[in-house]
Amino acid sequence: MIPSCSFNRHVSAILDKCSNLNHLKQLHAHLIRWARHIHFYALSSSLLRHSEPRLRTPLFDKFPTPNIYLYTVIVAACTRAPDHTVVVLIYHDMVRENWSRPNEYMFSIILKLWPEVARDYGVEMVQAHIVKLGFCGYPVVQTTVLDAYARCGVEIGVARKVFDEMLERSVVSWTTMISGYTRARRVWDAILLFEEMPEGIRDAPFWNSIIAGCVQNGLLSEAIEFFKRMVVEGGVNRPNQGTVVCVLSALGHSGMLQFGRCIHGYIYRNGLSLDSFAVSGLIDMYGKLGVLKSRIVFEKSDQINLTSWNALINCYALHGRCHEAVAVFQEMLRRGREGLKPDAITFIGLLNACTHGGLVEEGRRFFEMMVRDFGIEPRIEHYGCLVDLLGRSGKLEEAMDVVSRMREPSPDEVIWGSLLNACRVHRRADLAEFAVRKLAEMSPGNGGYGAMLANLYGEMGKWDEAWRVRAALAGESAYKAAGCSWIEIGSQVHNFYSVDRSHPRTEEIYAVLRCLGDASRMQHTSWRPQQLQ
DNA sequence: CTAGGGTTAG
């Protein structure tokens, strides 16, 4: 007879590899036939953990008096699949019907479903429940509550209060608080908190949280500085996959592509697995340079997922190679039989490709296709792309029409901003007036939009109007962050600020800019890049 | 059986 504990481990190992329903049924039958002496609960919990979602609940129902251990197993299993209502039902069943007392594990698992639970029950109520049952002192539970507050959209100070009241704070609690701040776009508070953290225990996810937070809030050079510090100060906590994905994003955004190549090398040298995240990050980073290397990374990888496809489509979009972007999309649809379906991001890429390539009609068709054929609700970003597409191609009335029809979501600063930008390119002062009024309502104190309108009048030679707008602006701060862009050529980074004429080849650069401005105002068909030569 | 990090547009 096989000793039952090693047998159990053996069975668990097999169950881990069991992804197919028939195999699972066979194994289950074997267990019933041969393994009566095995602890029933232990085996069943393995089955529950690994079985298919639709088998789980019926299997669970076979237990007349499930214990807390079994409850946590099924709840954890249901959390991994998108099966939120079941979790709450099971929890109710446990507390009401069976009077099992929940444990700290149960709260940690169940609070992962925070947005869903909070919608139905309210944030404070669940916390009160935890306090009432006497689990508010458990550090893991506290951290989960903290995370829940940080994610559910209440004022971030509430989460900070939970953090401050904790008696024991682990590195996980610090990480949770930092990412809470960065999600709330309070990246400077995150940086302050990062520096307050005692150096003893900074691990890789902790470093990653601040690097990611900086990237997500546009602090690209700070993100890269934190990365460099991690390499020096991190000791054994060397950059891992999570780190390189964040750093690749920062490097791609800031055009530091040589550094990006080094990271690619770092991934290989350190044997970091090129998972779908890293692959998509590389595709995106290389795509900022040119799309060839992205394509190679894509072709060579066996870890391609939807995000990688999206990243490749975006690369082509970025370079205005709209037909190739569409071709990638079609290839993706052909592979759709393998279970791959485009999502909202895919269509942002496609719409963007159409914008950069001037394919107005195709863009409109993609927008309709997204809603009609794929049942994707248009997000504000999709409307933004559509307005940009129409606006840039000079169809200002149609762009305006889209904006005025928008109800849910209602147009935001980005939408009006891109409409204003289109007005500037196509010299439509009338519509620009309207857009600026809207923008002034939305972000009072930002004189940048008004300044843009004044400049537009200036460019058109309408100096009286320009002075009128300037005078109206005089009251408020016309402060606008100086625009800056940069490009890396060879090993040198060239910086450009607004109205900056310090570059040695500034005359040529401005000549090309003027040419591009004229070109955007013309029909796309009548313009050829050769005219720039 | 439990808590933290990661890609995508303007």
Side-chain angles (χ1 to χ4, degrees), chain A residues 42 45-46 48-49 67-77 79 102-112 135 138-148 150-151 169-180 182 203-213 215-216 237 239-250 252-253 275-285 287 305-315 317-318 343-353 355-356 379-385 387-389 391-392 412-415 417-418 421:
Chain A
S45 70
S46 287
L48 281 176
R49 233 192 334 277
N67 60 9
I68 179 68
Y69 181 80
L70 222 49
Y71 271 116
T72 49
V73 168
I74 190 164
V75 166
T79 313
N103 58 12
E104 75 268 32
Y105 297 107
M106 180 56 98
F107 290 118
S108 309
I109 304 163
I110 216 164
L111 280 170
K112 275 196 146 180
F135 286 99
Y138 287 75
V140 174
V141 176
Q142 283 176 322
T143 304
T144 321
V145 170
L146 163 64
D147 191 42
R151 283 175 196 271
R169 289 178 208 105
S170 67
V171 63
V172 182
S173 324
W174 285 83
T175 309
T176 307
M177 193 63 237
I178 285 174
S179 40
T182 57
D203 65 0
F206 179 73
W207 282 99
N208 294 353
S209 71
I210 195 70
I211 296 172
V215 177
Q216 286 153 5
N237 296 306
N240 63 13
Q241 281 124 288
T243 323
V244 299
V245 173
C246 304
V247 171
L248 282 173
S249 168
H253 281 301
D275 63 358
S276 58
F277 282 110
V279 167
S280 304
L282 283 172
I283 291 173
D284 178 61
M285 187 275 297
N305 65 1
L306 178 59
T307 313
S308 331
W309 285 94
N310 290 350
L312 191 62
I313 292 174
N314 276 322
C315 291
L318 192 69
D343 68 355
I345 307 292
T346 317
F347 283 95
I348 289 176
L350 285 170
L351 289 171
N352 209 28
T355 304
H356 289 289
R379 291 196 215 157
I380 191 114
E381 292 94 331
H382 297 109
Y383 285 106
C385 290
V387 170
D388 208 31
L389 171 73
R392 276 181 205 259
D412 65 355
E413 208 178 323
V414 178
I415 302 266
S418 58
N421 193 49

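To find a chain, count down the sequence lines: A is the first, B the second, and so on, and within it residues start at 1.
- The CG-C1' distance, from A:Asp388 to B:dG10, rounds to 7 Å in whole Å.
- Counting only N and O atoms by type, the side chains of A:Thr143 and A:Ser173 include a donor and acceptor under 3.5 Å apart.
- The separation between A:Tyr71 atom OH and B:dT2 atom C1' is 19 Å, rounded to whole Å.
- Looking at A:Asn310 and A:Thr307, their side chains never bring a donor and an acceptor atom within 3.5 Å of each other.
- Of all nucleotides listed (B:dA9, B:dA3, B:dG4), B:dA9 comes nearest to the side chain of A:Ile348.
- Picking from B:dT8, B:dG4, B:dG5 the nucleotide with the shortest atom distance to the side chain of A:Ser209 gives B:dG5.
- Remark: the A:Thr355 side chain and the B:dA9 base include no donor-acceptor N/O pair separated by less than 3.5 Å.
- Here the side chains of A:Val171 and A:Pro205 are not in contact, with every heavy-atom distance at 4.5 Å or above.
- Inter-residue side-chain proximity for A:Asp275 and A:Gln241 is flagged as met; some heavy-atom pair is nearer than 4.5 Å.
- A:Ile109 comes within 4.0 angstrom of the backbone, heavy atoms only, and of no base.
- A sub-4.0 Å separation between OP1 or OP2 of B:dG10 and a side-chain N or O of A:Asn352 is present.
- Atom CG of A:Leu248 is separated from atom P of B:dT8 by 10 Å (rounded to the nearest Å).
- A:Thr176 comes within 4.0 angstrom of sugar-phosphate atoms only, judged by non-hydrogen atoms across all strands, and of no base.
- Between the CG atom of A:Leu306 and the P atom of B:dT8 there is a distance of 14 Å, rounded to whole Å.
- The base of B:dG4 lies outside donor-acceptor range of the side chain of A:Asn208, with no N or O pair under 3.5 Å.
- Taking atom CZ of A:Phe347 as the reference point, atom P of B:dG10 lies 17 Å away to the nearest angstrom.
- Nearest nucleotide to the A:Ser108 side chain, out of B:dG10, B:dT2, B:dG5: B:dT2.
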query: Is there a side-chain contact (heavy atoms from CB on, under 4.5 Å) between A:Val247 and A:Met285 once you walk through the steps?
result: CA-CA 10 Å; A:Val247 171; A:Met285 187 275 297; over 6 Å; no

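- Between the CD1 atom of A:Ile178 and the P atom of B:dG6 there is a distance of 12 Å, given to the nearest Å.
- Nearest approach of A:Cys246 to A:Ile211, heavy atoms of both residues: CB-CG2, 3.8 Å.
- If you check every strand for non-hydrogen atoms under 4.0 Å, A:His382 touches nothing.
- For A:Ile109 against A:Thr72, the heavy-atom pair with the smallest separation is CD1-O, 3.8 Å.
- With rounding to whole Å, A:His253 atom NE2 is found 6 Å from B:dA9 atom P.
- Checked against B:dT8, B:dG4, B:dG6, the side chain of A:Arg151 finds its nearest nucleotide in B:dG4.
- Nucleic acid contact class of A:Cys246 (heavy atoms, under 4.0 Å, all strands): sugar-phosphate only.
- Candidate nucleotides B:dT8, B:dG4, B:dG10 were compared by shortest atom distance to the side chain of A:Ser179, and B:dG4 ranks first.
- Residue contacts for A:Ser308: at a heavy-atom cut-off of 4.0 Å it reaches no nucleic acid atom on any strand shown.
- Note on A:Phe107: nothing from the nucleic acid sits closer than 4.0 angstrom, heavy atoms only.
- The side chain of A:Gln216 places an N or O atom within less than 4.0 Å of a non-bridging phosphate oxygen (OP1 or OP2) of B:dT7.
- You'll find that the side chain of A:Val140 is closest to B:dA3, out of B:dA3, B:dT7, B:dC1.
- Residue A:Val171 is classed as a base contact, given a heavy-atom separation below 4.0 Å to a base.
- Among B:dT8, B:dG6, B:dA3, the nucleotide with an atom closest to any side-chain atom of A:Ser249 is B:dT8.
- Here A:Ala212 lies in heavy-atom contact (under 4.0 Å) with sugar-phosphate atoms only.
- Contact annotation for A:Asp203: base contact, defined as any heavy-atom pair under 4.0 Å involving a base atom.
- For the pair A:His356 NE2 and B:dT8 C1', the interatomic distance rounds to 13 Å; values are reported in whole Å.
- As judged by a 4.0 angstrom heavy-atom cut-off over every strand, A:Gln142 is placed among residues making no nucleic acid contact.
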